[in-house]
Number of protein chains: 2
Amino acid sequence: MSSEGCSGCQVRERALCSTLSDGELARLNAISRQKHIERGATLMWAGDEGVVCGNVIAGMLKMTAFAADGREQIVGLLYPGDFVGRPQAGELPFSIAALTDSHLCIFPRAPFQAMLDDHIAMERMLLRRTMTALDEARHRMLLLGRGTAEEKLAGFLLEMIERSGAVPSGRAITAGEATIDLPLSRGQIADVLGLTIETVSRQMTHLRTAGIIDVPGGRLVEVRDLAALRARAMVD
Amino acid sequence: MSSEGCSGCQVRERALCSTLSDGELARLNAISRQKHIERGATLMWAGDEGVVCGNVIAGMLKMTAFAADGREQIVGLLYPGDFVGRPQAGELPFSIAALTDSHLCIFPRAPFQAMLDDHIAMERMLLRRTMTALDEARHRMLLLGRGTAEEKLAGFLLEMIERSGAVPSGRAITAGEATIDLPLSRGQIADVLGLTIETVSRQMTHLRTAGIIDVPGGRLVEVRDLAALRARAMVD
DNA sequence: CGGATGGTTGATGTGACTCAACGTCGGTGG
DNA sequence: CCACCGACGTTGAGTCACATCAACCATCCG
């Protein structure tokens, strides 16, 4: 696996490692390990000591917070190129599980931490990304705290569209060009949005009967009127 | 103001600057400016170019996200020692306003950014703090998305108690030792918790009639049963 | 075929919102 | 000094959006 080296890595240009030269990359490669994780499997449990961190190479994962009684809230989604875990010591605040079969490049925390210390550019990139993630989390707080069910779902679908790359951000489309295959079940969407399965389902049919989307199969969603979808999302 | 130097600064030990030696501090001091901001006044508006950043020395501030129709959500609270702003370029995602008369030590972004580059320890502290803030934001997503009104208010009061230092975190108290003076109006509490003014008020009297808190005056809250308050908050 | 999983839909319940009235406090001006 | 005002908080009645409970359907797979 890791004997293949990093040069052919799918996220070579996007992940934190993009700040490293080929030579430096060799050092990181020496401590890295490829990890495959099946859809539905959990990579880390909240409360565990987080002994590894790494990069998402392929697939999609969720970060989940739990209440004592089992209620759960998905607090973040991870895409290829994203960094996972905390370089510093301490127990993990959230569980991380795979939504689709995923592929990661992981490092033991201590040597990676040392690596970060020696490579300021990489640390700086991590800082910048963490700040971006913080802004996104706060933006989602507005949606969770003040949004209606329709706004939540519309906003979620828009995020999925942009992340899937089906529609260049900001572009307008006319007919149903954009089709996305959601990697989340209705229940998981509900956990992202702070809703119930039934409400997500109802809002989905609501958007469908309004002609804004089409739902050819369970997790397939075809956007027929992007502008209308944007109008129903929360803007700020 | 800044001629007094940093040695007597109230947050000398807590703010980012604690990573700097007295000598290095002089350089920072040279570009810093003290700023007083009155309760209710806005320091930065969402959408503005964020040309400064700084440290909170005294007082308390809020970060607010707005929807197009005026709905608002407070996405973060700032306490003495906290860092404000983005060192990098870009427009501000959220507005920042003072909840109490506040005192800040601000720097133009560019020279501060340069300072950060030269002082890895400071940048590292900023990274660590940003990660902590991200964890807190995500934790609050659980509360916003899945919490009941009572859980939200109980959690908020507990945060206020801990931040006010009235009760050492984790300690148990018996009688009404802890009294806090909330710097937020009911409406602002509602904006933190994603509720309405009326619901906050009702939950407040609900906790009062249950004997858990006492509300001697508008913003004064006396905790009479901390354990019961914790039991009504969301735990994970 | 039968069971499991995931999704939709309907009937009903309820927690929080909305609308509205009223109380309290602190300031301001006659 | 009191009348008035505005900001803030409380409380009540009614409503509504979303949750809950429950039935049903489609797909997949052993």
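Small disclaimer: the values here were computed from a predicted structure and weren't measured. Sequence lines set the chain letters: A, B, ... in the order given, protein chains first and strands last, and positions in each chain run from 1.
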Within this structure, what is the [atom1]-to-[atom2] distance between [X] and [N], rounded to whole angstrom?
X: B:Leu184; N: D:dA7; atom1: CG; atom2: C1'; answer: 16 Å
X: B:Lys152; N: C:dG15; atom1: NZ; atom2: P; answer: 14 Å
X: B:Leu153; N: D:dG9; atom1: CG; atom2: C1'; answer: 14 Å
X: A:Ile197; N: C:dT9; atom1: CD1; atom2: P; answer: 15 Å
X: B:Leu143; N: C:dA16; atom1: CG; atom2: C1'; answer: 15 Å
X: B:Arg39; N: C:dG26; atom1: CZ; atom2: P; answer: 13 Å
X: B:Arg186; N: D:dT11; atom1: CZ; atom2: C1'; answer: 13 Å
X: A:Asp214; N: C:dT8; atom1: CG; atom2: P; answer: 12 Å

Checklist entry - In chain order, what residues pass the side-chain hydrogen bond (donor to acceptor under 3.5 Å, both in side chains) check against A:Arg146, with sequence neighbours excluded? => result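 In terms of side-chain hydrogen bond (donor to acceptor under 3.5 Å, both in side chains), with neighbours along the sequence ignored, A:Arg146 is linked to B:Asp191.
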So, are [X] and [Y] salt-bridged, with charged N and O less than 4.0 Å apart?
X: B:Arg138; Y: B:Glu136; value: no
X: A:Lys152; Y: A:Glu150; value: no
X: A:Glu151; Y: B:Arg71; value: yes

Checklist entry - What residues form a ring pair (Phe, Tyr, Trp, His ring centres under 6.0 Å) with B:Phe107, not counting sequence neighbours? => result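 Applying ring pair (Phe, Tyr, Trp, His ring centres under 6.0 Å) to B:Phe107 gives B:Phe112.
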Item to check | Partner set under ring pair (Phe, Tyr, Trp, His ring centres under 6.0 Å) for A:Phe66, not counting sequence neighbours | outcome: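 In terms of ring pair (Phe, Tyr, Trp, His ring centres under 6.0 Å), with neighbours along the sequence ignored, A:Phe66 is linked to no residue.
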Next on the checklist: Heavy-atom count check: over 12 atoms from other residues, nucleotides or ligands less than 6.0 Å from B:Glu38 CD?
Outcome noted: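 At most 12 heavy atoms, drawn from other residues, nucleotides or ligands, come within 6.0 Å of this atom.
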Checklist outcome for this item: Protein heavy-atom contacts under 4.0 Å, written 5' to 3' over nucleotides 14-30 of chain D as B (base), S (sugar-phosphate only) or - (none), form the string ----SSBBB--------
Checklist entry - Got a donor-acceptor contact below 3.5 angstrom from the A:Ser102 side chain to the A:Ala98 backbone? => result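 Checking the backbone N and O of A:Ala98 against the side chain of A:Ser102, no donor-acceptor pair under 3.5 Å is found.
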Next on the checklist: A:Arg219: which residues meet the side chain to side chain contact (heavy atoms under 4.5 Å, CB included) condition with it, sequence neighbours left out?
Outcome noted: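 Scan of A:Arg219 (side chain to side chain contact (heavy atoms under 4.5 Å, CB included), adjacent residues dropped) gives A:Arg39, A:Asp181, A:Leu182, A:Ser185.
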Item to check | Residues touching DNA chain D, which here means a heavy atom under 4.0 Å, drawn from residues 205-212 of chain B | outcome: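 Correct list: B:Thr205, B:Arg208.
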Next on the checklist: If you compare every side-chain N and O of B:Arg219 against the phosphate oxygens of D:dG9 (OP1, OP2), does one of them come in below 4.0 Å?
Outcome noted: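 Affirmative; the distance criterion is met.
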